[in-house]
Structures are given as structure tokens and as C-alpha cells.
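Naming convention: chains lettered A, B, ... in sequence-line order (proteins, then strands); numbering from 1 in each chain.
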2 protein chains.
Amino acid sequence: MKFSAQEEYGLRCLIRIGKYFKVEKSLTIPEISVYEGISQHNVGKILRILRMGGFLESERGQSGGYTLSAPPDKIKIIDVLFVLGGRLYDDSFCQSHTGMNDICTNTTECSVRSLWKIIQDAVDNVLVNLTLQDLLGTEDNLFSLFDVAPGSNSSN
Amino acid sequence: MKFSAQEEYGLRCLIRIGKYFKVEKSLTIPEISVYEGISQHNVGKILRILRMGGFLESERGQSGGYTLSAPPDKIKIIDVLFVLGGRLYDDSFCQSHTGMNDICTNTTECSVRSLWKIIQDAVDNVLVNLTLQDLLGTEDNLFSLFDVAPGSNSSN
DNA sequence: TTGAATCTTGATAAAAAAGTCAAGATTAAA
DNA sequence: TTTAATCTTGACTTTTTTATCAAGATTCAA
């Protein structure tokens, strides 16, 4: 279970653009490239995905650039992550993990599928009310939303 | 954010072997291959990972095969998923997503990192007490552990 | 002791994801 | 009108993950 590079970089670009929303400044691909340390080509590719997902608007030309298509508190992180990386579990998952068979051998009764759904629910519960606005504050503010001690990292 | 094929297939193989634990029967690679619809070569590779992770024991020779190395209620799913697919977030994650730079541009203050940690915590809370034993029952039994209605699938 | 069935391992091939590139379209300012 | 700065798109290359293969080692039973 991993986050994709596209989710990581996409979210970072969106946050970066979001920080300039209230001063009504648009950001260009070269600017974002420098800020985030991602190549211009890659930034362009990622922003295209976000634009087609409806989160960004772009303007061409000499004074062009990217802006949010809605205020940060109207952009739901769960939607952004879906566009950037798909869902953890959906009904097509079993169909793409059938091994050599046409249909999964566990179709009618599958503990693994149930586990994936349960994990998906847990993740959804975290994300359901989270907006881009919540990610524009400090790290501590975000942790406090979820009652997590900033220093605690259960991976250690 | 996706599950890897290795996590899916590995867990299915482990469950399959676990179902035979109480009758003390070992399963061979060809048997598991047929049951799960995964090629023998792939089963062999996946079982090697599970064996090296300490969850399985193998016996060679004409009457060989694989058995659990501990009772199902002693095998923690969180450990199994770690061996099969790593962790969602760990401290090396930022180091591998630095773009073109040597270190991530957001080292000191990073909302994305915080979000990943929060999601990781949510997943850990689901998994922390779950054992292989819980996956050997029916799907409904598993759902009831987490108060999820079997029909409900938030991905729809 | 021989042979069949099994697991073991490292190398290879195929598929998917990530990242790069080049040519083009659009816009605003000089 | 010209020029420079910008976004846009599809194709390509590289890297990572997944799956396959072939040769070998081990064990049991006849």
C-alpha cells in the first residue's frame, strides 16, 4: 500500500498554488518548478491532470499561469486524491487481480476484499471533511484536527 | 494510493494456507496455484517472501509444502502487509520524493507529510489488533468487527 | 539407490508508472 | 505587427514493479 509520486507532487503543487489564492496571484510552471524542486516538464504534466480534474484554471500567454478554480475551502482533498491516484479499492480491483483466471476465485466470499474495503472506509473517514484550506495552515494545525501528537509517528 | 498485487496475492495465499492449519495439512505450490488462480512461478515467489518474513515454514521433498509458522491468532496482519508491501508512510518517503533536489523543499513544514501520517495512523488503527484468525472467518464476521454494513461500499 | 515430487534461487522478460522531450497554440506587451 | 512568455499535447525514454523461466537442491518412497 503506497502513495504514488503523482499524489505527492500533485498535492504539493495544489497547495503551493492555493497559498496565493487570497492575494489573487497566479503561478507559472517555472515558478512552481523552482518552489517545489520538480522539473518543469513534470510540473506541466501534473498540473494538466489537476486542471482536467477541475481544481485548477489556466491562462495562456505572457501573463499566464495557474489559479485555483474555487476557494480552498471548497476543494475536497478526497476528490483531489481520487483524480491524482484513483481509489484504494473499487469494484474493478477484483477484476484486475484474478491471476490467470477470468474471474477471481474468491468472488462470493473474500476476506481480503473485505479488508480492503474496511481500510478504504478508515481512510475515507479521515478525508471526508478535509479541504485544501486545512492543508494551507501549519502542520500543527492539521495534526490538532485529528488529535495526533506532531512528534508521534507510528512507523517508528 | 493503491494496494500492490503482491499484497493482494500474498494475503490470499496466506489465508489459503491458514485454512488448513487446524487439520495440520501443508499445501504445495501447485495446489495453491490452482486454488488461487496464480501461476506456480508467481506463487513460489510470493511464498518465499512470506517465508522470509517468518509467517510460513516450508518443507522440501516429495511430501513437502507450506504451513503457518504460528497459529493464525498469533499472526498480525499489520506485520504481513509490511513484509508484502512496505508501509504507507515512513521517514524515507520524503527522501524519495525530493524532485530534482537533494532534500525535499518542504522539510521543515509540510502539510502533505502530515496528511500521509494521519492516513497512516487511521490505517494502523484498523490493523493493529487484526490477526490472520480474523480473516479466516466469513466476510460478515469481519465486517461486524468494524461495524460496517456488508452492502455499504463508500467507493460507489 | 533411484526416481519423482517438491521447494530454492538468481536471472530474465513483460508490464506499468514516472519522467522527459519537442513541436505547437495562445496571449500580452513592446 | 512582432516578440517573448506562457500553456498544451502526444510521443518517447527511463525506472520500477510484476511475472516468468530455468537450473539446482532437498526429501521421501519404492
Check: A:Gly65 main-chain N/O paired with A:Ser58 side-chain donor or acceptor under 3.5 Å: no
Close residues, residues 42-57 of chain B, relative to DNA chain D [heavy-atom separation under 4.0 Å]: B:Asn42, B:Lys45
Strand contacts (DNA chain D) in residues 19-28 of chain A, 4.0 angstrom heavy-atom criterion: A:Leu27, A:Thr28
Value rounded to 0.5 Å, distance of [atom1] in [X] from [atom2] in [Y]:
X: B:Arg48; Y: B:Lys45; atom1: CZ; atom2: NZ; result: 8.0 Å
X: B:Gln6; Y: B:Leu50; atom1: CD; atom2: CG; result: 8.5 Å
X: A:Ile32; Y: A:Leu27; atom1: CD1; atom2: CG; result: 5.0 Å
X: B:Met1; Y: B:Trp116; atom1: CE; atom2: CH2; result: 6.5 Å
X: B:Ile17; Y: B:Leu136; atom1: CD1; atom2: CG; result: 11.5 Å
X: B:Asp134; Y: B:Leu127; atom1: CG; atom2: CG; result: 11.0 Å

Which atom of B:Glu7 lies closest to which atom of B:Leu81, heavy atoms considered: OE2-O, 4.1 Å
If you count heavy atoms of other groups shown closer than 6.0 angstrom to [atom1] of [X], is the number above 12?
X: A:Lys74; atom1: NZ; value: no
X: A:Lys76; atom1: NZ; value: no
X: B:Phe82; atom1: CZ; value: no

Where chain B begins and ends its contact with DNA chain C, read 5' to 3' at 4.0 Å from heavy atoms: C:dA5 to C:dG10
A:Gln62 side-chain proximity, nearest of D:dT18, D:dA5, D:dA22: D:dA5
Spacing of A:Glu31 atom CD relative to D:dA5 atom C1', expressed in whole Å: 12 Å
Distance, rounded to the nearest Å, where A:His41 contributes NE2 and D:dT13 contributes P: 15 Å
Closest-nucleotide ordering on DNA chain C, the 5'-leading residue of A:Glu59 and A:Gln6: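 It is A:Gln6, whose closest nucleotide lies nearer the 5' terminus.
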Closest-nucleotide ordering on DNA chain C, the 5'-leading residue of A:Ser63 and A:Tyr9: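 Result: A:Tyr9.
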